[in-house]
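Only heavy atoms go into these numbers, but all of them, side chains included; no hydrogens, no water, no symmetry mates. Here, residue 1 is the first one in the sequence, and each next residue gets the next number.
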Amino acid sequence: AVDVAGSTTTLNNVFYIKKDTTFPHIIDNQNGDDTWRISAPGAVYNIDFSDDLSLLDYAQYAVYSGPNKTGNLLKNWTSIFTSTNVANYTQNWDVDFNYLVEYSTNYVSVIVYDNAGNSKELDDVFYILKDTTSPTITDNQTGDDVWRNSTGTTYDVDFSDTGGSDLDFAEYCVWTGPNQSGTQLVTWTDISGVSGSSFTEDWQINFGACQEGYNYVSVRCNDLAGNTTSFIDAFYLKKDTIYPEIGDNQIGDDEWRNSGGTVYDVDFSDSGSELNYGQYKICSSTGQVGLIKDWTDISGVTGSSFTSDWEIDFSTCPEGISYVSVRVYDNAKNMSYLDDVFYVKKDTTPPTVTDNQSGDDVWRNASGTTYDVDFYDTGGSNLDYVQYKVCSSTNQVGTIIDWYTFSSGINSSSYTEEWSLSASNFELLTAGYNYANVLCFSCKKRVDPLEAVSYTHLRAHETSLHLVCRLLLE
């Protein structure tokens with residue numbers, strides 16, 4: 001300073017000036033947050049700030065729905081720190097998760113100020129992905145009411161995610177009882193191919209690990225944000241790999257038959273899916289060789305057991321021996337068969353009588369005369385027994401000797417021996433003409449005398465020949 005007189009005084013460093021025209025620095029160590037979030041992760045975001053001159057004053061962040069501060073402003077400028085008055089700020093920091101939106105990317109921008117009022121702004125220093133919506137399970141498979149005997153069935157349970165993160169995985173498990181009770185047969189197992197916003201492909205389960213009977217299947221799925229959804233007993237599976245049983249109580253039918261109506265004792269049972277139907281097949285030889293009648297339903301084969309005796313189509317059987325095989329299916333399509341469970345012996349051809357004896361015109365006064373009347377059976381069952389009857393007139397009028405068996409247990413296709421009246425029967429004849437008639441039987445049947453009336457229908461073919469000869473008695 002200089003006064004009027006020219007005197008001067010000097011004072012050094014009366015004040016100083018602090019100059020800072022340099023912008024503060026933003027160090028972006030956070031490229032982006034590619035982890036889908038279902039909740040606030042805390043102070044995890046690594047964006048640092050520095051200013052070496054006037055030092056840092058404060059910093060803020062803002063969130064937009066689009067890049068470069070486009071779209072909707074989700075969170076206006078909010079403090080990260082204030083009045084720190086430090087050269088560097090390196091602490092990780094967080095954002096207000098409640099203001100973030102699902103289904104889209106949340107873009108975070110920052111601005112920092114130093115104490116000289118210089119500022120630096122940086123758009124989209126990182127982004128945040130938010131998904132708090134649980135994935136959805138769509139159960140289109142309420143239950144599988146078809147009994148299964150093998151793997152390969154697919155099931156229609158779909159998965160979707162609308163929160164934005166997309167599906168991560170889906171799993172199923174299997175229990176013996178509903179509501180995940182009983183024993184766990186299959187632990188939580190991945191369903192292959194589950195990804196993206198939706199999964200609608202039908203899928204299979206581990207059939208081999210399932211039990212016979214009912215199996216209850218539960219599912220769960222997760223999205224990439226970690227949201228999870230479960231569905232208990234989404235469906236059930238009915239498994240039956242056990243073959244139905246055949247109870248052959250009919251070794252064979254050794255009775256020769258000339259008509260239908262005979263019933264046979266072959267039973268069926270199935271304790272799993274139960275019986276669906278049973279069939280029989282008739283062949284001319286064992287081992288289903290020589291088809292006579294192809295597989296034919298046995299009426300009424302249903303339920304857990306079938307014990308009713310049943311008939312075959314006798315009319316289709318040829319004469320001789322026919323072999324019957326059976327098969328039975330349960331509701332899971334398991335099939336059991338048994339060849340030659342029994343056989344049927346059929347003979348519908350009546351035996352024949354060959355009358356080689358036109359008449360006996362010699363007057364007789366004693367028995368012993370033989371007569372030439374032959375008997376044959378070509379139907380297969382062979383002759384059983386032969387009889388004669390003597391009447392006083394033709395056409396079996398005036399019975400003197402009723403049907404008398406003169407040979408039994410023949411068991412041959414022919415009987416050609418000449419035969420005579422027994423002495424006792426000869427004594428019964430009347431003087432004059434006596435007319436002899438004959439009768440022969442094939443297909444011997446054993447009849448219980450106590451029940452003879454009810455078994456009369458079992459009597460087999462008979463052939464009678466009236467007036468095969470005339471006997472003259474003096």
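Taking the side chain as every heavy atom from C-beta outward, Asn140 and Val157 never approach each other to under 4.5 Å. Within the 4.5 Å cutoff, the side chain of Cys317 has heavy atoms near those of the Ile282 side chain. Proximity of Trp175 to Cys173: side-chain heavy atoms (C-beta onward) are separated by under 4.5 Å at one or more points. The shortest side-chain heavy-atom distance between Asp223 and Asp131 falls under the 4.5 Å cut-off. Looking only at side-chain heavy atoms (C-beta outward), Ile111 and Trp77 come within less than 4.5 Å of each other. Asn106 has its side chain within reach of Val101: a pair of non-hydrogen atoms, C-beta onward, lies under 4.5 Å apart.
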**Q.** side chain to side chain donor-acceptor pair (under 3.5 Å) between Asn222 and Thr228, intermediate numbers included
**A.** CA-CA 4 Å; Asn222 280 44; Thr228 184; 2.8 Å; yes

(Q) Before you tell me yes or no, could you show the steps for Ser54 and Asp20 under side chain to side chain donor-acceptor pair (under 3.5 Å), namely the whole-Å CA-CA distance, both residues' side-chain angles and the distance that decides it to 0.1 Å? (A) CA-CA 6 Å; Ser54 61; Asp20 182 2; 2.6 Å; yes

**Q.** From CA spacing to verdict: salt bridge (Lys or Arg N to Asp or Glu O under 4.0 Å), Arg220, Glu171
**A.** CA-CA 5 Å; Arg220 68 184 182 188; Glu171 299 175 310; 2.7 Å; yes

Q. Passes side-chain contact (heavy atoms from CB on, under 4.5 Å), Val289 versus Cys283? Steps please.
A. CA-CA 6 Å; Val289 175; Cys283 295; 5.8 Å; no

Q: Please lay out, stage by stage, how Glu319 and Thr349 fare under the test side chain to side chain donor-acceptor pair (under 3.5 Å).
A: CA-CA 8 Å; Glu319 289 192 302; Thr349 301; 2.8 Å; yes

Q: Evaluate the criterion side-chain contact (heavy atoms from CB on, under 4.5 Å) for residue pair Val217 and Ile205; output intermediate values, then yes/no.
A: CA-CA 9 Å; Val217 182; Ile205 67 172; 4.1 Å; yes

Q.
Please evaluate residues Ser273 and Asn331 with respect to the criterion side chain to side chain donor-acceptor pair (under 3.5 Å), reporting the C-alpha separation (whole Å), side-chain torsions for both, the decisive distance (0.1 Å), and the verdict.
A. CA-CA 5 Å; Ser273 59; Asn331 286 304; 5.0 Å; no

Q. Checking side-chain contact (heavy atoms from CB on, under 4.5 Å) for the pair Val86/Asp51: CA distance, chi angles, key distance, verdict?
A. CA-CA 8 Å; Val86 296; Asp51 189 276; over 6 Å; no

Q: Test Thr296 against Gln279 for side-chain contact (heavy atoms from CB on, under 4.5 Å), laying out the working first.
A: CA-CA 5 Å; Thr296 302; Gln279 297 178 314; 5.8 Å; no

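Remark: side-chain polar atoms of Lys120 are not paired, donor with acceptor, to backbone N or O of His25 under 3.5 angstrom. Not a single donor-acceptor pair under 3.5 Å links the side chain of Lys239 to the backbone N or O of Tyr214. In this structure, Thr302 contributes its side chain and Asn276 its backbone to no donor-acceptor pair below 3.5 Å. Side-chain atoms of Asp377 come within 3.5 Å of backbone atoms of Asn382 as a donor-acceptor pair (strictly under, hydrogens ignored). Distance alone, capped at 3.5 Å, is enough to place a donor-acceptor pair between the Asp161 side chain and the Asp166 backbone. Under the 3.5 Å distance criterion, the side-chain polar atoms of Gln250 are left unmatched by any main-chain donor or acceptor of Tyr264.
Counting non-hydrogen atoms of other residues, nucleotides and ligands closer than 6.0 Å to OH of Tyr127 gives a total above 12. Applying the 6.0 Å contact sphere to OH of Tyr243 captures no more than 12 heavy atoms from other residues, nucleotides or ligands. Crowding of Glu245 atom CD: a count of heavy atoms from other residues, nucleotides or ligands under 6.0 Å not exceeding 12. The environment of OH in Tyr337 is sparse: at most 12 heavy-atom neighbours from other residues, nucleotides or ligands sit within 6.0 Å. The 12-atom threshold is exceeded at CG of Asp297, counting heavy atoms of other residues, nucleotides or ligands nearer than 6.0 Å. Counting heavy-atom neighbours within 6.0 Å of Tyr99 OH, excluding the residue itself, gives a total of 12 or less.
Checking Asn179 against Ser181 by side-chain atom types alone, no donor-acceptor pair falls below 3.5 Å. Side chain to side chain, Asn149 and Asn334 meet the donor-acceptor criterion of an N or O pair below 3.5 Å. Between the side chains of Asn215 and Tyr236, no donor-acceptor pair is found at a separation under 3.5 Å. Thr405 and Gln387 share a donor-acceptor pair across their side chains, judged by distance under 3.5 Å alone. Between the side chains of Asn85 and Asn115, at least one donor N or O sits under 3.5 Å from an acceptor N or O.
A side-chain hydrogen bond (donor to acceptor under 3.5 Å, both in side chains) check over residues 186-212, counting only residues at least two apart or in different chains, returns the pairs Glu212-Thr241. Sequence neighbours left out, the pairs with a member in residues 61-76 that pass side-chain hydrogen bond (donor to acceptor under 3.5 Å, both in side chains) are Lys69-Glu121. Evaluation of the ring-ring contact (aromatic ring centres under 6.0 Å, His included) test over residues 134-169, restricted to residues two or more places apart or in two chains, returns Tyr155-Phe235.
Taking the ring centroids of Trp256 and Tyr343, they lie at or beyond the 6.0 Å cut-off.
Ion pair Lys130/Glu102 not flagged as a salt bridge, since none of the NZ, NE, NH1 or NH2 atoms sits closer than 4.0 Å to an Asp/Glu carboxylate oxygen.
For the pair Leu383 and Pro351, the tightest heavy-atom approach, listed with the atom from each and the gap, is CD2-CB, 3.8 Å. Of all heavy-atom pairs between Leu53 and Thr22, the closest is CD1-OG1, 4.3 Å. Smallest separation of non-hydrogen atoms from Ile321 and Lys345: CG1-CG, 3.9 Å. Among all heavy-atom pairs drawn from Val95 and Ile128, the shortest one is CG2-CD1, 3.3 Å. Nearest approach of Ala209 to Val186, heavy atoms of both residues: CB-CG2, 3.6 Å. Nearest approach of Thr84 to Leu56, heavy atoms of both residues: OG1-O, 3.4 Å.
Atom CD1 in Ile38 sits 5.0 Å away from atom CG in Asn227 (nearest 0.5 Å). Taking CD of Gln288 as the start and CG of Asp294 as the end, the distance is 9.0 Å to the nearest 0.5 Å. Atom CH2 of Trp310 is separated from atom CZ of Phe268 by 5.5 Å, given to the nearest 0.5 angstrom. Between Asp267 atom CG and Phe306 atom CZ the span is 8.0 Å, to the nearest 0.5 Å. We find the CG-OG1 distance between Leu129 and Thr105 to be 5.0 Å, quoted to the nearest 0.5 Å. Rounded to the nearest 0.5 Å, atoms OG (Ser381) and CD (Glu255) are 11.0 Å apart.
Under the ring-ring contact (aromatic ring centres under 6.0 Å, His included) criterion, Tyr329 pairs with Tyr277, sequence neighbours left out. By the ring-ring contact (aromatic ring centres under 6.0 Å, His included) test, Phe81 is found to be paired with Phe49, Tyr89, residues two or more places apart in sequence or in another chain being considered. For the ring-ring contact (aromatic ring centres under 6.0 Å, His included) test, residues two or more places apart in sequence or in another chain that qualify with Tyr58 are Tyr113.
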